[in-house]
Amino acid sequence: PTYPVVPALAAVEWCQARLGGTLSNILHGAQRIWLQKPVPLGATLTTRAQIVGVYDLRRMAQSVIRTQSRDAAGALVAETEWTILHMNEGGFDGEAPPAQANNRAPRRAPDASVRIETSPAQAALYRLNGDLNPLHIDPDTARDAGYDRPILHGLGTLAVASVALSRAGVPLPSVSLVEATFRAPIFPGDPLITELWRDANRVWFQSYAEGRADGLAIRHGYMELGLQSP
């Protein structure tokens, strides 16, 4: 269910270029994915993207980009929403972002916990999807952004978390909605622990890097089930 970000990537990057700034100065804040139908195999998808908001968070700015991907017949396959943080670009007396719905996990112990070891080459492998931000591959760019080494893509972390949910029995082919907020990056090679809570057709989850006090990578993760197979 996280795949629709891949055909949307080029259109999102075009929008980001219009907003300005440098790749070392932006972070992926949150991601939403709506699946309208199963992604067809061997299809040609066309994606249109739109900048729907630029907001002032005082210390930083936030932009929101939405996309629609359609198949060759024009049928809507998936929509995505990308929340991008622009570091040190706030304070321009702009509007605050709209309030978000509360999709927090239930206040009880998680129903399952799954540990997955990421590879030291995880960021290089995820880069093959087309996300060429040097923050994830170049040590100098990572240091300029305040990290001691390249970090894993937020969407790469979300993909690993999705594998963990699948191993816990979540039927990924029936997922119609994915939401996640990226709290802190993990490094390629970090073991990722994903905790999940089930409630009828909803699954909440969070993921963190094992053994790191600041390792909460994904919070307010949420999936909704209900997509019908063709």
Side-chain angles (χ1 to χ4, degrees), residues 1-19 26-53 62-85 100-101 103 116 122-123 125-133 136 152-167 170-182 192 194 196 201-207 217-230:
T2 61
Y3 178 77
V5 302
V6 177
L9 184 61
V12 170
E13 289 181 341
W14 189 93
C15 289
Q16 287 179 350
R18 305 286 79 73
L19 290 167
I26 63 173
L27 292 173
H28 198 162
Q31 183 70 48
R32 291 180 180 175
I33 304 165
W34 295 269
L35 284 143
Q36 305 299 323
K37 57 186 292 188
V39 179
L41 297 176
T44 296
L45 299 180
T46 299
T47 300
R48 295 181 181 272
Q50 180 183 17
I51 302 169
V52 297
Q62 174 183 295
S63 63
V64 177
I65 300 169
R66 290 181 184 160
T67 75
Q68 290 188 338
S69 294
R70 296 179 180 272
D71 63 19
L76 182 62
V77 175
E79 299 174 275
T80 69
E81 182 179 278
W82 307 59
T83 299
I84 309 298
L85 302 177
Q100 299 294 320
N103 286 326
I116 293 181
Q122 200 80 47
L125 293 171
Y126 194 82
R127 184 178 167 89
L128 297 175
N129 285 319
D131 188 335
L132 304 182
N133 187 337
H136 307 294
L152 181 59
H153 309 67
L155 291 176
T157 305
L158 179 58
V160 175
S162 297
V163 172
L165 295 177
S166 178
R167 292 182 181 178
V170 176
L172 296 189
S174 67
V175 171
S176 59
L177 169 65
V178 182
E179 294 187 11
T181 299
F182 303 118
L192 189 72
T194 299
L196 64 139
N201 67 332
R202 297 180 179 182
V203 179
W204 291 268
F205 64 97
Q206 67 177 18
S207 302
I218 295 175
R219 65 173 180 173
H220 306 329
Y222 173 81
M223 287 187 178
E224 188 164 320
L225 311 179
L227 189 68
Q228 301 297 315
S229 299

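Any value given below was found using the heavy atoms of this structure, including those in side chains, with hydrogens, waters and symmetry copies removed. Everything numeric here is computed off the predicted structure, so don't read it as measured data.
Counting heavy atoms from C-beta outward, V5 and Q31 have side chains that approach closer than 4.5 Å. Looking at heavy atoms from C-beta onward, L227 lies out of side-chain contact with P173 at the 4.5 angstrom threshold. By the 4.5 Å heavy-atom criterion applied to side chains, L225 and P171 are counted as neighbours. Looking at L45 and V77, their side chains come closer than 4.5 Å, going by heavy atoms from C-beta outward. Contact of the M223 side chain with the L165 side chain is registered, since non-hydrogen atoms from C-beta on lie closer than 4.5 Å. Side-chain contact between L85 and F182 is absent, with no heavy atoms from C-beta onward closer than 4.5 Å. Residues Q68 and L76 form a side-chain contact, since some pair of their non-hydrogen atoms from C-beta on lies under 4.5 Å apart.
The line from OG of S162 to CZ of R167 is 12.0 Å long, rounded to the nearest 0.5 Å. With values rounded to the nearest 0.5 angstrom, N129 atom CG is found 10.0 Å from L132 atom CG. Between atom CZ of residue R70 and atom OG1 of residue T44 there is a gap of 15.5 Å, rounded to the nearest 0.5 Å. Atoms CG and CD1, on N133 and I26 in that order, are 6.0 Å from each other to the nearest 0.5 Å. Of the inter-residue distances, the one linking T181 atom OG1 with Y222 atom OH reads 13.5 Å to the nearest 0.5 angstrom. How far CZ of R18 is from CD of E13: 11.5 Å, rounded to the nearest 0.5 Å.
I33 pairs in a side-chain contact (heavy atoms from CB on, under 4.5 Å) with only one of the listed residues (V178, L177, L155), which is V178. Each of R32, E79, E81 was evaluated against R66; a single residue qualifies, E81, per the side-chain contact (heavy atoms from CB on, under 4.5 Å) test.
Nearest heavy atoms, S166 versus L172: CB-CD1, 3.7 Å. For T80 against W34, the heavy-atom pair with the smallest separation is C-CZ3, 4.0 Å. In this structure, L9 and G130 approach most closely via the heavy-atom pair CD2-C, 3.3 Å. What you find for G226 and S176 is that their closest heavy atoms are N-OG, 4.3 Å. Contact between L192 and A161 at its shortest, heavy atoms only, is CD2-N, 4.2 Å.
Under the 30°/60° scheme for interplanar angles, the aromatic rings of H153 and H136 are found to lie parallel.
Remark: the backbone N or O of P7 is paired with a side-chain donor or acceptor of T47 at under 3.5 angstrom.
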Task: Pair N201-E224, side-chain contact (heavy atoms from CB on, under 4.5 Å): steps then yes or no - done: CA-CA 6 Å; N201 67 332; E224 188 164 320; 4.1 Å; yes

Open item on the list: Pair I65, W14 - check side-chain contact (heavy atoms from CB on, under 4.5 Å), show working.
Closed with: CA-CA 11 Å; I65 300 169; W14 189 93; over 6 Å; no

Open item on the list: Would F205 and I218 count as a side-chain contact (heavy atoms from CB on, under 4.5 Å) here? Give the steps.
Closed with: CA-CA 8 Å; F205 64 97; I218 295 175; 3.9 Å; yes

Open item on the list: Does T194 form a side-chain contact (heavy atoms from CB on, under 4.5 Å) with I116? I'd like the steps, not just the answer.
Closed with: CA-CA 8 Å; T194 299; I116 293 181; over 6 Å; no

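A donor-acceptor pair shorter than 3.5 Å cannot be found between the side chains of Q50 and R48.
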